[in-house]
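Taking it in order: structure first as structure tokens, then the write-up.
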Amino acid sequence: MKMGEEVLPKGGTKCYDDDGRLKRSGTVWTASAHIITAVIGSGVLSLAWATAQLGWVAGPLVMILFSFVTYFTSTLLAACYRSGDPVNGKRNYTYMDAVRSNLGGFKVKICGWVQYLNLFGVAIGYTIASSISMMAIKRSNCFHASGGKNPCHMNSNPYMIAFGIVEIIFSQIPDFDQLWWLSIVAAVMSFTYSTIGLGLGIGKVAETGTIRGSLTGISVGTVTQTQKIWRSFQALGDIAFAYSYSLILIEIQDTLKAPPAESKTMKKATLISVGVTTLFYMLCGCMGYAAFGDLSPGNLLTGFGFYNPFWLLDIANAAIVIHLVGAYQVYCQPLFAFIEKSATERFPDSEFITKDIKIPIPGFRPYNLNLFRLVWRTIFVIITTLISMLLPFFNDIVGLLGALGFWPLTVYFPVEMYISQKKIPKWSTRWVCLQILSIACLFITIAAAAGSIAGVVLDLKSFKPFATVY
């Protein structure tokens, strides 16, 4: 607190919050934009394929179930942003801080490993997805020019490298609070390509005059009985990934201004975001399945179920790439912040780590260049790009990420922290209901992980490193 400043209620000042940090300015709308940017990601494009594996009954039902679980556990997690009192309690700036305050011990380390490995994995998944969309633009124009005679095969590596170069530049945005504009652009882009995918699905159904698909999903015969089981499990992982954002919820909540209490604002933002997301997911997944039935592609806009109008596909895929540029940053900022904070605490006297160099920008505030941030974030992007070039299996990677992150981060830790914070007695009705929810989601996660691993093993049989051609 600075001398002479008027002290406001709850211990803050006109310029600073109650924890001595600069006033947070986030609202329900900026939080919703961050969540929608994180949630309506590349996952939406695999939902037609996921619905095709599960069928008209289980597909929509699983999506509704995941949306309910995500909303419910997100409200539990939002209540853990402050320890003790929900208005004046100590703030937890990150997911790990919340676990440390409420559970402590070895669980903090487990949470850290799962969360940051998942964030690392998401960066790889988004690099793969963006390269596929960039290639789709090139291929759709090639298809159009050759009248569909040229298969237009191409290598994905140059596109992944191009995406990596863009991310190196954007990764120099210092922290989450300064990402709001990128999140809003990315959220608009996500609505753009989701709407185009939906519109093309409706157009295809209108053109053929038939709604394809069956009540039980892809038929045995088109695939073997074993493949049917594994692919159904993998579909659960794809849907879980499509709803996954709990791992950055606390970080988003830490951008919100108060009053009202951050937990109240976050619950509203979660309700808006999950509601909008579920509506889009149901429409895109179901209309894609209705259009293609058993032949629904793994990526709706790049699997070339659609060939025309090619210019509309180009717009949709360009929107995907722009969205993924923003989503990559939304997911990676918590990981960046964790590494930089750890380095500062360990080497407080190192100028390389702690010193900011002010670079004047005409018409704007000076940019604070930190050499450690520049070097380590650049290395991080290079590593994720190289791994993406080694493992370009979009559907299976998406399913595996969804499976590995869903139960621990979306269900287990929020449930356990809520029980601890609210001091819910063991074996009480609430405690039993919460544990049943957690165990049920654990079984879903195990099944989804098994399905995705089976898919990756199958992909590896025909895999050549750094030579992936689509």
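Quick note: numbers below take in every heavy atom, side chains included, and nothing from hydrogens, waters or symmetry partners.
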Report task. Answer yes or no: is there an ion pair linking R91 with E262, defined by an N-O contact shorter than 4.0 Å? Result ->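 A salt bridge is present here (some side-chain N lies under 4.0 Å from a carboxylate O).
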**Report entry** Salt bridge flag under 4.0 Å for residues R377 and E340
**Finding:**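 Salt bridge present between R377 and E340.
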To the nearest 0.5 angstrom, please state how far the [atom1] atom of [X] sits from the [atom2] atom of [Y].
| X | Y | atom1 | atom2 | value |
| --- | --- | --- | --- | --- |
| T378 | I168 | OG1 | CD1 | 5.0 Å |
| S388 | I128 | OG | CD1 | 5.0 Å |
| I218 | T51 | CD1 | OG1 | 12.5 Å |
| I202 | M287 | CD1 | CE | 5.0 Å |
| L76 | S263 | CG | OG | 12.0 Å |
| C332 | F338 | SG | CZ | 14.5 Å |

Report yes if some heavy atom in the side chain of [X] is under 4.5 Å from a heavy atom in the side chain of [Y]; otherwise report no.
| X | Y | value |
| --- | --- | --- |
| S214 | W56 | no |
| I339 | W376 | yes |
| V57 | T216 | no |
| S130 | Y159 | no |
| Y71 | L271 | yes |
| S232 | L54 | yes |
| C441 | L437 | yes |
| P408 | V114 | yes |

Query raised in the report: Is there a side chain to side chain contact (heavy atoms under 4.5 Å, CB included) between F120 and T384 once you walk through the steps?
Result: CA-CA 7 Å; F120 183 72; T384 57; 3.6 Å; yes
Is the distance from the ring center of [X] to that of [Y] below 6.0 Å?
| X | Y | value |
| --- | --- | --- |
| Y328 | F170 | no |
| Y126 | F163 | no |
| Y289 | W49 | no |

Query raised in the report: Taking the six-membered ring for Trp, are F233 and W230 parallel (under 30°), tilted (30 to 60°) or perpendicular (over 60°)?
Result: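 Perpendicular: the ring planes of F233 and W230 meet at over 60°.
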Query - Whether F72 and F68 hold their rings parallel, tilted or perpendicular, with breakpoints at 30° and 60° - result: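 F72 and F68: parallel rings.
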Would you name the heavy atoms of [X] and [Y] that are closest together and state the gap between them?
| X | Y | result |
| --- | --- | --- |
| V99 | C111 | CG2-SG, 3.6 Å |
| T270 | S74 | CG2-CB, 3.7 Å |
| T385 | G164 | OG1-CA, 3.7 Å |

Query raised in the report: How far apart are the C-alpha atoms of F66 and Y281, what are their side-chain angles, what is the distance that settles it, and do they pass the side chain to side chain contact (heavy atoms under 4.5 Å, CB included) test?
Result: CA-CA 11 Å; F66 271 100; Y281 281 4; over 6 Å; no
**Report entry** Candidate pair Q115 and L119, rule side chain to side chain contact (heavy atoms under 4.5 Å, CB included), full reasoning
**Finding:** CA-CA 6 Å; Q115 183 189 8; L119 291 170; 4.2 Å; yes
Query raised in the report: Can any side-chain N or O of T73 pair as donor or acceptor with the backbone N or O of T410 at less than 3.5 Å?
Result: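 Yes.
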**Report entry** Side-chain donor/acceptor of Q227 to backbone N/O of T224, under 3.5 Å
**Finding:**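 Yes, because the side chain of Q227 sits within donor-acceptor range (under 3.5 Å) of the backbone of T224.
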Query raised in the report: Is it true that the side chains of N317 and Y193 contain a donor and an acceptor less than 3.5 Å apart?
Result: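 No, because no side-chain N or O of N317 sits under 3.5 Å from a partner of the opposite role on Y193.
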Query raised in the report: Is there a donor in the side chain of W407 and an acceptor in the side chain of S438, or the other way round, less than 3.5 Å apart?
Result: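 Their side chains do contain a donor-acceptor pair, which is all the 3.5 Å distance test asks for.
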Query raised in the report: Would one find more than 12 heavy atoms of other residues, nucleotides or ligands at under 6.0 Å from atom NZ of K138?
Result: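 No.
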Query - Over 12 foreign heavy atoms within 6.0 Å of CD1, I211 - result: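 Atom CD1 in I211 is not packed in, count stays at 12 or less.
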Report task. Quick one: do L256 and T27 satisfy side chain to side chain contact (heavy atoms under 4.5 Å, CB included)? Show the steps, please. Result -> CA-CA 6 Å; L256 297 175; T27 64; 5.7 Å; no
Report task. Test Y81 against every option in D97, N92, D254 by the side chain to side chain donor-acceptor pair (under 3.5 Å) rule and name the one that passes. Result ->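 Considering D97, N92, D254, a side chain to side chain donor-acceptor pair (under 3.5 Å) with Y81 is found only for D254.
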